[in-house]
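I have placed the structure first, in the form of structure tokens, so that the comments after it can refer back to it.
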Number of protein chains: 2
Amino acid sequence: MLETITPMKAEARDALLESTRKNEPEKRGRKASKEVRQLQLIEATIDSLAKRGYSETTMADVADGAGLSRGIVNFHFESKEKLLVATLQYMADEYAAHWRAALTKAGDDPARQLQALVAADFDRSICNKRKLAAWCAFWGEAKSRPTYQALCGARDAAYQNVFIDLCATLKQSGGYAFEPQVMALALCALLEGLWLRLMMGTEDTTRETALQSANEFLSAAFPRHYPWASGPKTA
Amino acid sequence: MLETITPMKAEARDALLESTRKNEPEKRGRKASKEVRQLQLIEATIDSLAKRGYSETTMADVADGAGLSRGIVNFHFESKEKLLVATLQYMADEYAAHWRAALTKAGDDPARQLQALVAADFDRSICNKRKLAAWCAFWGEAKSRPTYQALCGARDAAYQNVFIDLCATLKQSGGYAFEPQVMALALCALLEGLWLRLMMGTEDTTRETALQSANEFLSAAFPRHYPWASGPKTA
DNA sequence: CATCGTTTGTTGAACATTCATTCAGTATGG
DNA sequence: CCATACTGAATGAATGTTCAACAAACGATG
């Protein structure tokens with residue numbers, strides 16, 4: 001049902017960025033393509049989720065945030081519910097694309113791949129207050145909404161399976177004793193937990209310290225592959 | 001403001017449990033002490049949060065869930081907001097009391113203490129679908145509500161400091177190389193992440209597998225203290 | 001190229017619903 | 001009989017949705 005939204009992401013996003021860069025007054029009447037409008041509204045939704053939280057995010061907020069009129073959301077999306085699902089879908093797609101790209105770029109060495117995946121989780125592009133807050137807003141509602149629950153597995157089975165495979169490979173080459181599935185679960189949980197803490201915004205946790213903790217975990221779990229055992233500054 | 005609620009927890013809770021055990025028809029008029037009523041409403045709030053989620057939890061839900069009339073919540077608590085804060089406060093207190101008790105019961109050995117803390121996190125009494133869902137509901141709103149944010153640090157500074165101290169102690173006695181703060185952050189994040197996954201309810205993650213993952217982490221990070229290196233079945 | 005009609009995006013006010021809160025009244029225990 | 005717990009209907013505010021009117025792009029036609 002939402003298949004009409006996710007495609008042409010790149011082009012629409014570029015157009016959106018361009019228009020906001022130019023800061024066009026956006027007069028009246030028709031001005032942008034359907035895809036751009038939808039992205040614009042989705043971005044405004046993320047803004048609102050981050051600023052006001054899920055329960056306080058209203059259609060008016062989104063419309064105002066996008067600088068458009070009140071009825072516009074029900075035109076591009078049928079309902080508030082569908083807007084939110086589309087937003088979550090958008091973030092999930094973005095997240096998946098991001099870690100897949102990082103994995104590809106890491107080459108063939110499993111140890112490098114694993115480290116790249118972990119590092120990718122803390123890239124500015126996806127790991128920032130705004131996005132984290134939006135994710136957490138959806139997490140908070142996921143239990144009682146099957147649709148959200150399914151999509152919140154953006155860090156989904158596929159993602160976790162990559163970790164399981166990598167753990168299994170490293171176990172062989174390093175002669176470790178752990179169970180790959182168990183270790184992979186720990187890793188995934190650690191990453192999510194760090195996200196959660198980042199989002200909560202306790203001062204002592206920053207993107208850097210979070211990544212440092214994750215790397216500490218890697219070197220503890222795979223000492224033969226990450227032997228930089230916590231020297232003063234382990235980049 | 002809420003100091004009137006948290007005290008006398010034990011007695012009031014017993015009374016509540018007793019009354020629900022007896023399943024009294026709860027006719028009309030005055031029937032129970034103030035504290036019992038408040039606890040009853042808080043429990044109903046947790047139920048609703050777990051079942052309907054934060055954004056769909058209404059005063060009517062809570063009142064109905066408690067089998068009382070509509071206006072009752074505004075009588076015992078001043079507003080919906082205060083009811084929710086009291087509920088979160090209640091869960092935070094319960095959580096803190098739980099891990100403190102586990103810590104005390106673990107004796108003097110740091111390694112045992114750490115293991116006890118980890119295990120305590122997965123006790124049925126606090127780690128069940130209902131409570132996890134309620135926690136996550138609050139997490140989802142925490143970013144935009146300072147009051148929640150403060151209380152959601154139930155796993156607060158004190159909690160994390162205990163982990164830091166234990167990590168430091170074990171580091172000395174085991175000759176590890178990690179930074180205690182970094183490792184403690186990883187541990188806390190792992191526990192929260194596992195909670196999050198448990199709440200999401202993916203089938204492959206149960207309380208047992210979660211605990212197993214946490215223990216795997218312990219034995220990876222502190223191999224000299226937890227040398228049961230992943231034998232077939234490590235209880 | 002100008003004009004006109006059609007399609008499509010957009011607006012903002014009206015509407016219906018949901019929900020927290022209030023409060024006057026009732027019942028109960030002491 | 002008084003203080004206190006409790007009720008439930010009334011109220012008003014907030015909000016998602018609808019829709020009739022409007023405006024811009026587009027295409028066809030002269």
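Every chain is numbered from 1 and lettered A, B, ... according to where its sequence line falls, protein lines coming before strand lines.
Summarising the geometry, the separation between CG on A/Leu41 and P on C/dT10 is reported as 9 Å, rounded to the nearest angstrom. One can place CD of A/Glu35 at 10 Å from P of C/dG9, the figure rounded to the nearest angstrom. Between A/Gln38 atom CD and C/dG9 atom C1' there is a gap of 12 Å when expressed in whole angstrom units. The nearest whole Å value for the distance from the CZ atom in A/Phe77 to the C1' atom in C/dG9 is 14 Å. At whole-Å resolution of the value, CG in B/Leu68 and C1' in C/dA27 are 15 Å apart. Distance CG (B/Leu83) to C1' (C/dT21): 14 Å, rounded to an integer number of Å. The CD1-C1' distance, from B/Ile72 to C/dT26, rounds to 13 Å in whole Å.
Ring centroids of A/Phe138 and B/Trp139 are separated by 6.0 Å or more, keeping the two rings apart.
At a threshold of 4.0 Å, the pair A/Asp61-A/Lys51 does not count as salt-bridged, since none of the basic side-chain nitrogens sits closer than that to a carboxylate oxygen. A salt bridge between A/Arg70 and A/Asp64 is present, with a side-chain N of the basic residue lying under 4.0 Å from a carboxylate O of the acidic one.
No more than 12 heavy atoms of other residues, nucleotides or ligands lie within 6.0 Å of CD in A/Gln181, so this atom counts as exposed by the packing criterion.
Looking only at distances, a side-chain donor or acceptor of B/Ser213 sits under 3.5 Å from a matching main-chain atom of A/Val182.
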Protein-nucleic acid N or O pairs under 3.5 Å, nucleotides 16-19 of chain D:
| unit_1 | atom_1 | unit_2 | atom_2 | d |
| --- | --- | --- | --- | --- |
| D/dG16 | OP1 | A/Lys80 | NZ | 2.8 |
| D/dG16 | OP2 | A/Met59 | N | 2.8 |
| D/dT17 | OP2 | A/Asn74 | OD1 | 3.3 |
| D/dT17 | OP2 | A/Lys80 | N | 2.9 |

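In the set C/dG9, D/dG8, C/dG12, the nucleotide with an atom closest to the side chain of A/Lys34 is C/dG9.
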TODO: Show your working on side-chain contact (heavy atoms from CB on, under 4.5 Å) between B/Met199 and B/Lys129 and close with a plain yes or no.
DONE: CA-CA 6 Å; B/Met199 196 251 351; B/Lys129 259 204 166 6; over 6 Å; no
